[in-house]
There are 2 protein chains.
Amino acid sequence: MATTIDDVARAAGVSTSTVSYVLSGKRPISAPTRQRVERAIRELGYRPHAGARALASSRTNVLALMAPLRVDVNVSVIMQFVTGVVTAARTFDHDVLLLTADEIAGMERVASGSMVDALVMMDIEADDPRVPVLAGLSQPAVLIGLPRDPEGLSCVDLDFDAAGQLAVRHLARLGHRQIALVGSPRAVLERHTSYAERMIRGFTQGVAEAGVEGLVEPCESSSTGAVDAVDRVLTRMPDVTALVVHNEVALPWVLSTLRDRGRHVPDDVSVVAVCPPDVAVGQPLPLTNIDIPAHTIGKVAVEMAMARVERDEPAETRLLAPQLVERASTVAALR
Amino acid sequence: MATTIDDVARAAGVSTSTVSYVLSGKRPISAPTRQRVERAIRELGYRPHAGARALASSRTNVLALMAPLRVDVNVSVIMQFVTGVVTAARTFDHDVLLLTADEIAGMERVASGSMVDALVMMDIEADDPRVPVLAGLSQPAVLIGLPRDPEGLSCVDLDFDAAGQLAVRHLARLGHRQIALVGSPRAVLERHTSYAERMIRGFTQGVAEAGVEGLVEPCESSSTGAVDAVDRVLTRMPDVTALVVHNEVALPWVLSTLRDRGRHVPDDVSVVAVCPPDVAVGQPLPLTNIDIPAHTIGKVAVEMAMARVERDEPAETRLLAPQLVERASTVAALR
DNA sequence: CTAGGCTGGCGAAGCGCTTCGACCGTGGCA
DNA sequence: TGCCACGGTCGAAGCGCTTCGCCAGCCTAG
């Protein structure tokens, strides 16, 4: 265990620098030498000391991920982000240090303490106080989400504007003229969480473009919240024939409430869910959905981070195009 | 940013070792000196280099957490474990490195690479292949769950045996004589996931002790899975009057299926849910539940890990006593 | 008045790795 | 035949911190 690079060098009969170059590949080493070194490494079970390496090379091979570990919204989506980030990080030979979102000092700590090579931050709000902090760090950072002013940081997210439009366009094309959006909880909106606002904007714009009626209702992430939201929709838009649901937790309750109120899906009401596919098909009726490709977004975030770390590429913003998969919950409107 | 301990020492007019001792408190430093040093630190915005510190002290102030980032079961419980671990780690001035469970080599990598001081592993199976690996590491490890043979490692978990018994005892005391357990998905059982098996064992034992009839049905984590499980229960035990549900995802569907089958909760069927309180009260009817104190378990895991790291205390196993909170879903059986 | 102890601080030797410049032998070319 | 270039290897100087041993001064007690 306590084997060092010197032990390896001695065993292989070379200098420590040669071992180092075998490991890093930064200088050419002849095949026989390399093989001897590699054998010694294997036989001794040698593993470089991360701290020593970080000290000497000023690269830690660790990424910080700041995740919102609240339990309120779309936990499984968060999970998928995280797995996407972790698995992608591994392909770049990096590990992931997990920070919680409530700890704004954490970013500074890990960054100025040289614990990480880059930072990835989820759940960005429009005027997120963390963004200026990140911008001041010497490590690159990638935002999952879209602040009002990215301040030179890279961003990546699903194009929620487009998603909102896409949902409306799909429904309008099916002949629906009265469409409601059952959205994020009020608290999320009040935080000005970027994705929620963009979803609403896209929805609103789609409604305007299609020349149909639209209604936006926030929805708490609970059984009663869903009941309330659906009832508000039915009150304010009695002839509604289509729902866009952008709230994963409330989704089952929205469906059951519709049923309780005598609205059959899809005959009376079409439903487009904005959620991962497994959630969409896990409902009693397989739902037409717009995917939240959390895993992919996480992966892209890491790729962008590594591009900056390894090749010093400039920051960029990437918005992933939404995709709608048609299933059993959307049908043409009766006329 | 690139300020070092030497910069601080120079600014404060002391030697580097003095600065170090101010920082660590490992030797007494006079008040005036300490204050000068602290001022210099503050003014320079000095932050020790984590790698250098790890190299010199062989302590990284990082904990590895291996979490099952599958999306199948109780995601929010996993989330709570994670937050428990992360926040507890911070109170010990540690950060958390996140490993995914499918990467068994990850433990060896971070451990022999001296990236972490200790490891915490979730989602332990009865004969988990990772346990012997952990046991061979030079860092202490804490298991969340209970393998057949802990091999000298610390373990912590809810006492699921006791939880199973507690649920049955509560229901039996209310006069129920036909009790079914709607449990974990088959796949979880087949992995011999420790908590699922212990729950069943406790349930079975409780049934035997109370002299009532018991039935165990696995349940997939989906709408259809829940429907199937409930129907199987109703077929095999038509006069069932009480259900213990240990499957968070299926829980809403179990309830709606009961309703569909004309069984009213709690008048016809009492329900005890094994889940966090927020899930229990988020249902249409507030459910009597046995809490899965995930946050606490995560915290305890970290405390046990740090006890071993800091004070070299011996390994131990801690099983947290379950607590049942009575709500609206359990009533006395008709007779 | 001095031996001994105590307090507060200093200096230097690493911790294990990377990396730069230097070196050496070989082969190609003029 | 002589020279240069270059592939392949080595040595040593750090990277920034901790920690051990040591010393200077002061106080107390004999």
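By convention in this document, chain letters (A, B, ...) are assigned in the order of the sequence lines, proteins followed by strands, and residues within each chain are numbered from 1.
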(request) For the pair B/T193 (side chain) and B/V188 (backbone), establish whether a donor and an acceptor sit closer than 3.5 Å, ignoring hydrogens and angles. (result) yes
(message) Whether the side chain of B/S20 engages the backbone of B/T16 through a donor-acceptor N/O pair (distance < 3.5 Å, no angle test) should be reported.
(response) no
(message) Quick one: does any side-chain atom of A/Q139 pair with a main-chain N or O of A/A111 as donor and acceptor, under 3.5 Å?
(response) yes
(message) Between B/R39 and B/E43 (salt bridge meaning N to carboxylate O under 4.0 Å), is one present in this structure?
(response) yes
(message) Any side-chain to backbone donor/acceptor pair from B/D117 onto B/T60? Under 3.5 Å, distance only.
(response) yes
(request) Sequence neighbours left out, what pairs pass side chain to side chain donor-acceptor pair (under 3.5 Å) with at least one residue falling in residues 119-130 of chain A? (result) A/R70-A/D123, A/D127-A/R148, A/D128-A/R130
(message) Heavy atoms only, 4.0 Å cut-off, all strands: where does A/S57 land among base, sugar-phosphate and nothing?
(response) sugar-phosphate
(message) If you take any heavy atom closer than 4.0 Å to DNA chain D, which residues from residues 26-41 of chain A end up in contact?
(response) A/R27, A/P28, A/I29, A/S30, A/T33
(message) Quick check on DNA chain D: between A/A52 and B/S17, whose nearest nucleotide comes earlier from the 5' end?
(response) A/A52
(request) Would you please confirm or rule out a distance under 4.0 Å between OP1 or OP2 of D/dT9 and any side-chain N or O of A/S15? (result) no
(message) I'd like to check the side-chain contact (heavy atoms from CB on, under 4.5 Å) partners of B/L97; sequence neighbours left out, ordered by chain and number.
(response) A/V62, A/D95, A/L97, B/V62, B/V110, B/M115, B/V116
(message) Based on the rotation axes of five pairs at each end, what angle does the helix from C/dC1-D/dG30 to C/dA30-D/dT1 bend through, to 10°?
(response) 50°
(message) Main chain of B/V156, side chain of B/R318: is a donor-acceptor contact present, judged purely on distance under 3.5 Å?
(response) no
(message) Going 5' to 3' along DNA chain C, which are the first and last nucleotides with any atom under 4.0 Å from a heavy atom of chain B?
(response) C/dG8 to C/dG16
(message) Using the salt bridge (Lys or Arg N to Asp or Glu O under 4.0 Å) criterion, which residues pair with B/R198? Sequence neighbours excluded.
(response) B/D157
(request) Examine distances only and state if a side-chain atom of B/S24 and a backbone atom of B/K26 form a donor-acceptor pair shorter than 3.5 Å. (result) yes
